[in-house]
There are 2 protein chains.
Amino acid sequence: MSLRHAVLGLLAQHPASGYDLLKRFQESMANVWPATQSQLYGELGKLAEAGLIKVSDVGARGRKEYAITDAGRAELDRWMTSPQDDPPFRSAQLLRVFLLGGLTRAQAREYLETLGSFADALHARYEQIRDSHDWSDDDADFFALAALEHGLQYSRMHSEWAAGVIDGLDRRRKR
Amino acid sequence: MSLRHAVLGLLAQHPASGYDLLKRFQESMANVWPATQSQLYGELGKLAEAGLIKVSDVGARGRKEYAITDAGRAELDRWMTSPQDDPPFRSAQLLRVFLLGGLTRAQAREYLETLGSFADALHARYEQIRDSHDWSDDDADFFALAALEHGLQYSRMHSEWAAGVIDGLDRRRKR
DNA sequence: AGGGGCATGTAAATGGTTACATGATTAT
DNA sequence: ATAATCATGTAACCATTTACATGCCCCT
């Protein structure tokens, strides 16, 4: 149900076409909630059918501009204040950690090193976004930066955690 | 594809019935990859049909014990060393952060406080698991503790991050 | 005239959620 | 006897992924 609300939230800022939304989406929210082009167009259709958005203009090349309706605003508001029914946290990386005992020590160590590298690469990517984008001081950018900051802190933590587990493994081995 | 491999990984440790697996699963891996009873039984059926596991024994009350096959071991091994095609990270909580600019300052602040409280509650739950469970010093528990440690670090980081954003919001307001 | 970007969709398959449904055994 | 626990499944629905498919408009 989250993509639906992401779309609703973007349209609450101002009307846009699917194509517009896709671009705005991919360079911001897609980092915390990936979605494909087909999914986005699918949601637009469903939202329109449900009366939460409506076609506000039709332009060249069949471009359809959508605007949020009052019902849509109400639904968005409901969702914004309901973090308690968000989908649960899932991580295949951590799932694998539970099964590392079935691998050799060398393989387990290698896996943890890979996780560390992934986290470092992600951190670098986030830094690059932070430094290359030019941020305004409006609310939207303040919150986008807050989300980015979360990514920076998390990738750092993740990398350090992996290093810590490797240390623990090495110490274990020596006993 | 991850639940499938979680099941395979548990069966690689030793044979078990769906019912056994469900219990082992819910108190460990379910924290990083939730799954329901129906899903688990469904996967067992599909895995058996694919020849990755087989029924190794049938007991009272229609109890079916499953064991991993060689093909299953091969598939597990492939997955264990392929973190690069894990499903992407998703967080509805962070998605909402991007849309906080559409709320009043008070509402945005309240939302961030809620996130902080959720994180604190999660941290407490993890501490409780750490302290109430009695851990052996075998590999399985070493890695389960490593995953738990990740949870502890993450919930702490998340809470502090939320507090930091609230601070930023308050400072912004004063200018 | 042709290429790149604008613009929208459909279909099939897979995975996850929720709700329902049933029955056997064991311990008190 | 009866309640708790053991034990397995089905069905409908929704979300996500992947692949396919089409065509217009603008700039050079």
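Below, chain A is the first sequence line, B the second, and so on; all start at residue 1. Remember, it's a predicted structure, so these values are computed and weren't measured experimentally.
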Ignoring the backbone of [X], work out which of [options] is nearest its side chain.
X	options	value
A/Q37	C/dT8, D/dC6, D/dT16	C/dT8
B/R61	C/dG16, D/dT16, C/dT26	C/dT26
A/Q39	D/dT17, C/dG15, C/dT25	D/dT17

Going through the distances and angles, do A/H150 and B/H158 end up as a ring-ring contact (aromatic ring centres under 6.0 Å, His included)? CA-CA 8 Å; A/H150 182 282; B/H158 197 56; 5.1 Å; yes
Atom [atom1] of [X] to atom [atom2] of [N]: distance rounded to whole Å?
X	N	atom1	atom2	value
A/L22	C/dC6	CG	P	11 Å
A/K23	C/dA7	NZ	P	7 Å
B/H5	C/dG15	NE2	C1'	13 Å
B/Y41	C/dG16	OH	C1'	18 Å
B/L40	D/dT8	CG	P	10 Å
A/L3	C/dG16	CG	C1'	16 Å
B/E49	C/dT14	CD	C1'	15 Å
B/D85	D/dT17	CG	C1'	13 Å

Side chain B/S155, main chain B/L122, donor-acceptor under 3.5 Å: no
Under 3.5 Å, side chain of A/S159 to main-chain N/O of A/D120, donor-acceptor pair present? no
N-O pairing of A/E49 and A/K46 below 4.0 Å: no
Can you tell me how far the CZ atom of B/F143 sits from the CG atom of A/L99, to the nearest 0.5 Å? 10.5 Å
Ranking B/R63 and A/K46 by the position along DNA chain D of their nearest nucleotide, the one closer to 5' is B/R63
When you match B/R90 and B/D20 each to their closest nucleotide on DNA chain D, which lands nearer the 5' end? B/D20
Using OP1 and OP2 only, check whether a side-chain N or O of A/K64 sits under 4.0 Å from C/dG9. yes
So does B/Y19 get a side-chain nitrogen or oxygen closer than 4.0 Å to the phosphate oxygens (OP1/OP2) of D/dC6? yes
So for A/S38 and D/dT18, does any side-chain atom that can act as donor or acceptor lie under 3.5 Å from a complementary atom in the base? yes
Checking all strands, does A/S2 fall into the base, sugar-phosphate, or nothing category for heavy-atom contacts under 4.0 angstrom? nothing
